[in-house]
2 protein chains.
Amino acid sequence: MDSKTKLRKAGLRPTKQRIAIADILFNGINRHFTAENLHNDIIQSGKQMSLATIYNCLNKFKNVGLISHLQSLGETYVFDTNVEHHHHFFNEKTGELIDFRPGDIHVKKFPKLPKGYKSSGIDIIIKLIEKN
Amino acid sequence: MDSKTKLRKAGLRPTKQRIAIADILFNGINRHFTAENLHNDIIQSGKQMSLATIYNCLNKFKNVGLISHLQSLGETYVFDTNVEHHHHFFNEKTGELIDFRPGDIHVKKFPKLPKGYKSSGIDIIIKLIEKN
DNA sequence: AAGTAGATTAGAATTGTTTTAAAGTAAAAA
DNA sequence: TTTTTACTTTAAAACAATTCTAATCTACTT
Ligand SMILES: [Mn+2]
Ligand SMILES: [Mn+2]
Ligand SMILES: [Zn+2]
Ligand SMILES: [Zn+2]
């Protein structure tokens with residue numbers, strides 16, 4: 001499916017800029033990227049586009065489910081007085097974080113690691129919403 | 001152990017500001033907080049301290065292991081063309097992210113959730129370093 | 001007590017993201 | 001097809017989080 005069709009189906013107007021972005025993003029290979037990354041790619045390809053447009057488009061794409069964004073713990077740097085290795089519950093409504101001990105969770109099956117690498121740690125976030 | 005001693009043991013000069021911060025942070029109850037949170041607490045308590053000092057102190061505290069900070073995926077907003085639920089390998093050296101499917105990991109024992117809450121999802125990050 | 005390395009501070013700088021408001025464009029209406 | 005309308009792009013400004021600068025201050029050493 002071409003980018004124009006894809007955008008229309010998602011309920012977005014296929015503007016020149018959105019098509020250019022979709023052409024880069026939806027070539028079949030998944031990728032992780034920042035607004036700046038994408039902007040560089042576009043500029044490099046000889047096109048011109050304002051960074052604000054990149055943000056506008058990516059936020060639209062995200063809202064209609066064409067892309068996602070990685071769960072980060074909010075926009076700011078969060079410190080923790082707990083210096084032991086531990087994991088977190090994350091209250092989605094309030095943003096509150098609660099610790100739990102690594103011993104309270106047990107990972108049985110482990111994914112195959114990329115060749116030449118070993119695990120240096122694992123971070124688990126369990127998101128919470130109110131029951132009922 | 002009082003804050004002054006604690007700071008000395010950690011190899012930090014016990015300045016007025018660091019003692020005030022340590023008094024708040026190391027009262028026995030673990031907490032998650034931002035620089036701004038802490039700054040507000042300090043101002044609220046009638047003391048004066050520059051936000052730059054808060055950052056300086058927290059970064060020092062972190063360097064000597066008195067506090068930690070939550071693993072976030074770098075400082076910028078990371079988008080993902082993969083809109084399915086999935087987890088990530090995180091290359092600690094390069095910052096590169098690689099997807100793995102939820103089916104490739106299996107969590108056997110689950111921590112007890114806070115009363116009145118249910119899980120709305122889980123995010124797992126496996127950190128990677130080069131072997132050898 | 002004096003000297004020195006290290007710490008604090010206000011304010012400037014930097015970075016990442018959003019907002020503003022004017023000009024441009026795609027879709028709908030006529 | 002023209003006109004109209006709503007939506008989009010853009011440069012520039014605003015905003016938010018964090019770090020840097022350089023002057024002043026303070027804790028430790030001698
Ligand atoms: Mn970037
Ligand atoms: Mn805050
Ligand atoms: Zn914690
Ligand atoms: Zn991913």
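Chain letters run A, B, ... following the sequence lines, proteins first and then strands; every chain starts at 1.
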Linking directly or through intermediates, with side-chain heavy atoms under 4.5 Å: list the remaining ILVMFWY members grouped with A:Ile105, chain and number order.
A:Phe89, A:Ile98, A:Phe100, A:Val107, A:Phe110, A:Leu113, A:Tyr117, A:Ile122, A:Ile124, A:Ile126, A:Leu128, B:Phe89, B:Ile98, B:Phe100, B:Ile105, B:Val107, B:Phe110, B:Leu113, B:Tyr117, B:Ile122, B:Ile124, B:Ile126, B:Leu128
Rounded interatomic separation in angstrom, taking CG from B:Leu7 and P from D:dT26:
18 Å
Atom CG of A:Asn59 to atom C1' of C:dT17: distance rounded to whole Å?
9 Å
Starting at CZ of A:Phe79 and ending at P of D:dA17, how long is that distance when rounded to a whole Å?
13 Å
Whole-Å distance between D:dA16 C1' and B:Asn40 CG?
14 Å
Atom-to-atom span, CD1 of A:Ile19 to C1' of D:dT8 - whole angstrom
13 Å
Hydrophobic cluster mates of B:Val83, side-chain heavy atoms under 4.5 angstrom, ILVMFWY only, any path?
none
Main chain of B:Thr34, side chain of B:Asn37: is a donor-acceptor contact present, judged purely on distance under 3.5 Å?
yes
Only pairs at least two apart or in different chains count here, so list each side chain to side chain donor-acceptor pair (under 3.5 Å) that has a residue in residues 97-108 of chain B.
A:His32-B:Asp99, B:Asn82-B:Asp99, B:His86-B:Asp99, B:His88-B:Asp99, B:Arg101-B:Asp104
Rounded to the Å, how far apart are A:Phe33 CZ and C:dG16 C1'?
16 Å
Atom CG of B:Asn37 and atom P of D:dA17: how far apart are they, to the nearest Å?
10 Å
Quick one: what's the B/S/- string for nucleotides 3-10 of chain C, heavy-atom cutoff under 4.0 Å, read 5' to 3'?
--BSSBBS
With sequence neighbours excluded, residues passing side chain to side chain contact (heavy atoms under 4.5 Å, CB included) with B:Thr94:
B:Asn91, B:Glu96
A:His39 NE2 to C:dG16 P, straight-line distance once rounded to whole Å
13 Å
Is there a side-chain polar atom (N or O) of A:Tyr55 under 4.0 Å from OP1 or OP2 of C:dT17?
yes
For B:Asp2, enumerate each residue passing the side chain to side chain contact (heavy atoms under 4.5 Å, CB included) test, keeping only those at least two apart in sequence or located in another chain.
B:Lys4, B:Thr5
